[in-house]
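Everything on this sheet refers to the single structure shown next.
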Number of protein chains: 2
Amino acid sequence: MEKKPELCRVDDALSILVGKWKPIILLHLLQKGTLRFSELKRSLPGITQKMLTNQLRELEEEDIISRKVYPQVPPKVEYSITEYGKTLEPILEAMHEWGTKHTLHKKNKVNSKASS
Amino acid sequence: MEKKPELCRVDDALSILVGKWKPIILLHLLQKGTLRFSELKRSLPGITQKMLTNQLRELEEEDIISRKVYPQVPPKVEYSITEYGKTLEPILEAMHEWGTKHTLHKKNKVNSKASS
DNA sequence: CGGCATCCTCGAAGATACTG
DNA sequence: CAGTATCTTCGAGGATGCCG
């Protein structure tokens with residue numbers, strides 16, 4: 001089940017953006033630049049430590065974010081977007097914009113049906 | 001960029017693009033304009049009828065594609081991108097481009113590791 | 001030809017508890 | 001504080017068969 005290479009590169013981008021929490025993690029990091037694990041967790045109501053760790057590890061694996069450990073007690077770990085990770089910003093931006101319009105689009109559809 | 005994460009609509013766009021076959025279906029329809037069910041199926045090696053039907057229905061539900069049934073025997077159904085659906089093209093293209101670069105990025109990473 | 005109805009698999013996501 | 005280590009749930013995706 002292999003698809004035309006020219007066509008399916010989209011899936012690579014998606015595979016990186018598609019974790020339940022990845023987009024919002026990236027948006028937070030893009031906004032703030034650098035965040036500690038606990039700050040990130042506080043910013044994401046409902047996420048578990050395990051999920052946050054997972055998603056961060058996967059993003060780190062792809063060089064989207066970098067992880068800096070301060071060898072001290074109590075532990076301190078900071079996460080930040082890499083230069084490479086910033087290249088994803090246009091996509092996130094485009095999706096955000098589209099998502100916003102889509103919300104309106106759906107609303108209009110409902111309204112036009114209701115008024116018929 | 002001073003967006004409130006709570007208002008972030010990125011997930012809406014993702015929820016539409018994230019089906020295992022949706023992006024490639026959309027790319028095919030963007031290229032060809034209109035395709036029959038069987039043509040689409042032939043273009044997607046490995047997809048099952050059920051999945052193709054599912055993905056098409058979901059895209060139709062969001063007004064991304066339109067479905068035209070010709071009442072004849074044997075049945076004929078054509079799918080095409082809606083004008084609205086075309087607004088997704090920039091995102092798909094951005095992802096495709098990024099995905100291509102990302103493949104190179106990963107390759108470089110491997111090479112630099114191998115040469116150390 | 002273009003579906004729909006079933007059943008099943010398998011991995012992502014979640015809950016919970018423990019630790020350096 | 002910032003993680004591992006397990007166990008469980010849940011649903012997307014897949015295989016197969018029947019139908020107008």
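Here is how names work: the chains are called A, B, and so on, in the same order as the sequence lines, proteins then strands, and each is numbered from 1.
Within 6.0 Å of CD in Q72(B) there are more than 12 heavy atoms belonging to other residues, nucleotides or ligands.
Atom CZ in F37(A) sits about 11 Å away from atom C1' in dT4(D), given to the nearest Å. Distance E78(B) CD to dC1(C) P: 15 Å, rounded to the nearest Å. Rounded to an integer number of Å, the gap from W21(B) CH2 to dG13(D) P is 10 Å. In this structure, K41(A) places its NZ atom 12 Å from P of dG14(C), rounding to the nearest Å. Atom OH of Y70(A) is separated from atom C1' of dG3(D) by 18 Å (rounded to the nearest Å). We find that CG of L40(A) is positioned 14 Å from P of dC1(D), with the value rounded to whole Å. In this structure, L52(A) atom CG and dA15(C) atom P are separated by 14 Å, rounded to whole Å. We find that CG of L56(B) is positioned 17 Å from P of dC1(C), with the value rounded to whole Å.
A 4.5 Å side-chain heavy-atom check between Y79(A) and T34(A) finds every atom pair outside the cut-off. Side-chain contact between L17(B) and L26(B) is present, with at least one heavy-atom pair separated by less than 4.5 Å.
Side-chain N/O atoms of R36(B) include none lying less than 4.0 angstrom from OP1 or OP2 on dG3(C).
Between Q55(B) and Q49(B), the residue anchored nearer the 5' end of DNA chain D, judged by the nucleotide with its closest heavy atom, is Q55(B).
Among the heavy atoms of the strands lying under 4.0 Å from Y79(A) are primed sugar atoms or P, OP1, OP2 only; no base atom is included. Here P74(B) lies in heavy-atom contact (under 4.0 Å) with sugar-phosphate atoms only.
For R57(A), taking side-chain heavy atoms from C-beta onward, the closest of the listed nucleotides dA2(D), dG3(D), dG14(C) is dG3(D). In the set dG3(C), dG14(C), dA2(D), dG14(C) carries the atom at the smallest distance from any side-chain atom of T48(A). The side chain of K50(A) lies closest to dA15(C) when the candidates are dG13(D), dA15(C), dA2(D). Set against dA13(C), dG13(D), dG3(C), the side chain of M51(A) has dA13(C) as its closest nucleotide. Residue K20(B) has its side chain nearest to dG13(D) when only dG3(C), dA2(D), dG13(D) are considered. The side chain of P75(B) has dG2(C) as its nearest neighbour among dG2(C), dT16(D), dG3(D). Side-chain proximity of V77(A) to dT16(D), dG3(D), dA5(D): nearest is dG3(D).
A salt bridge links K101(A) with E97(A): at least one charged nitrogen is closer than 4.0 Å to a carboxylate oxygen. Salt bridge annotation for K86(B)-E89(B): absent, with no cationic side-chain nitrogen under 4.0 angstrom from a carboxylate oxygen.
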